[in-house]
Amino acid sequence: MESKRILIGDRVLSRQDLFQEKERARRERAKLPFEEKVKILVSLQRLAHHWGRRKDIIIWKIS
Amino acid sequence: MKETLRILNELKEEGLIKDYAIGGGIAALRWVEPFFTQDLDIFVAFEEETTEKGLIDLSPLYEYLKDKGYVRERQWIMIEGVPVDVFPADPLEKEAVEQAQGVEYEGVRTKVILPEYLMALFLRAGRDDKDLRKIEMLLEQCDIDRQSSRGY
């Protein structure tokens with residue numbers, strides 16, 4: 001079954017294109033330097049602690 | 001984190017451990033896109049494995065860390081603000097530690113378990129969906145040596 005096309009700005013994409021783009025972006029993020037990933041991890045811990053109200057989450061000291 | 005790794009390297013320099021490598025979620029993080037995790041899992045190989053009673057004695061290691069002011073909090077030992085879980089390596093984990101990739105984190109040398117071994121360890125642990133998700137991410141996002149993974 002032909003799925004509906006999606007318009008983003010001047011690009012017309014299928015759902016499959018969207019998922020492929022998402023996958024490509026994930027592979028790109030996988031190539032980030034280790035230090036950069038740990039910084040993102042600490043942001044996620046901070047988010048979980050404050051916004052997600054998970055007071056049991058320890059926010060790492062990284063510097 | 002950098003200081004945590006420095007202390008772990010010190011354990012090796014002081015002869016308290018033979019070698020170590022980062023495993024678990026943080027090792028996976030080295031190979032895939034960033035995701036949430038709480039602690040730093042360390043797999044440790046010792047020169048002399050057991051006491052006469054067949055026990056793996058982690059006391060000297062914990063004593064050393066305690067003397068430096070690093071205390072236990074819940075199941076972890078807090079080293080320089082990072083919750084660390086220490087696992088004495090079994091034969092597969094020892095191989096994973098030996099084969100681990102040497103990397104630098106902000107100029108501090110450390111070792112990270114390779115994706116092929118991580119998958120084997122997650123699969124063997126098979127604790128929850130999170131382990132399966134990590135395997136899935138490793139398969140999707142990094143180049144796995146499928147031939148060598150087959151043997152684990």
Side-chain angles (χ1 to χ4, degrees), chain A, chain B residues 1-7 21-22 24-41 70-85 100-113 115 118 133-134 136-144:
Chain A
M1 190 179 81
E2 180 61 28
S3 62
K4 285 186 180 167
R5 311 294 281 177
I6 301 153
L7 179 67
I8 301 175
D10 56 357
R11 299 165 67 213
V12 180
L13 304 162
S14 66
R15 277 175 62 81
Q16 198 186 358
D17 293 334
L18 272 185
F19 285 121
Q20 276 172 358
E21 278 206 358
K22 196 176 168 69
E23 201 46 52
R24 256 198 305 276
R26 298 176 81 182
R27 287 186 79 94
E28 282 306 309
R29 284 199 296 273
K31 290 179 194 157
L32 286 171
F34 196 23
E35 287 91 340
E36 200 55 45
K37 290 179 182 180
V38 173
K39 276 184 198 158
I40 295 170
L41 165 66
V42 173
S43 308
L44 292 172
Q45 289 170 343
R46 200 169 286 126
L47 195 68
H49 184 92
H50 298 298
W51 191 63
R53 294 181 185 170
R54 292 273 313 273
K55 298 299 173 201
D56 57 321
I57 302 289
I58 297 166
I59 303 166
W60 291 17
K61 261 174 45 184
I62 52 167
S63 54
Chain B
M1 171 80 166
K2 181 169 72 172
E3 296 309 316
T4 310
L5 296 175
R6 254 197 204 125
I7 296 298
I22 298 173
I26 295 299
L29 190 86
R30 167 79 179 87
W31 307 109
V32 302
E33 67 175 337
F35 63 90
F36 178 81
T37 188
Q38 288 206 65
D39 50 12
L40 178 65
D41 289 346
Y70 304 124
V71 291
R72 287 191 72 83
E73 193 175 319
R74 286 179 263 167
Q75 73 268 40
W76 304 299
I77 179 145
M78 294 298 294
I79 305 178
E80 294 295 328
V82 173
V84 179
D85 239 340
Q101 188 190 58
V103 296
E104 278 200 4
Y105 181 92
E106 293 183 344
V108 180
R109 294 285 300 163
T110 188
K111 284 170 81 177
V112 178
I113 292 179
L118 279 178
R133 180 67 197 122
K134 284 176 203 141
E136 205 174 54
M137 286 198 290
L138 288 164
L139 283 168
E140 285 169 359
Q141 296 172 29
C142 60
D143 298 320
I144 298 289

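As the structure is a computational prediction, the values presented were derived from the model and not from experiment. By convention in this document, chain letters (A, B, ...) are assigned in the order of the sequence lines, proteins followed by strands, and residues within each chain are numbered from 1.
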Chain B contact residues among residues 33-42 of chain A, heavy-atom distance under 4.5 Å: Phe34(A), Glu35(A), Lys37(A), Val38(A), Ile40(A), Leu41(A)
Are more than 12 heavy atoms, taken from residues, nucleotides or ligands other than [X], located less than 6.0 Å from that residue's [atom1] atom?
X: Lys55(A); atom1: NZ; answer: yes
X: Arg72(B); atom1: CZ; answer: yes
X: Gln16(A); atom1: CD; answer: no

Relative to chain B, which segment of [X] carries a heavy atom at a distance below 4.5 Å: side chain, backbone, both, or neither?
X: Ala25(A); answer: neither
X: Arg24(A); answer: neither
X: Leu47(A); answer: neither

Side chain proximity check, Gln38(B) to Ile58(A), heavy atoms < 4.5 angstrom: no
Closest-packed option against chain A by number of heavy-atom pairs under 4.5 Å, given Met1(B), Met137(B), Glu33(B), Glu73(B):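 Ranked by contacts with chain A, first place is Glu33(B).
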Largest heavy-atom contact set with chain A, pairs under 4.5 Å, which of Asp39(B), Thr4(B), Val103(B):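 It is Asp39(B).
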CD-CD distance between Glu28(A) and Gln141(B), expressed to the nearest 0.5 angstrom: 11.0 Å
Main-chain N/O of Asp56(A) paired to Arg74(B) side chain as donor or acceptor, under 3.5 Å: yes
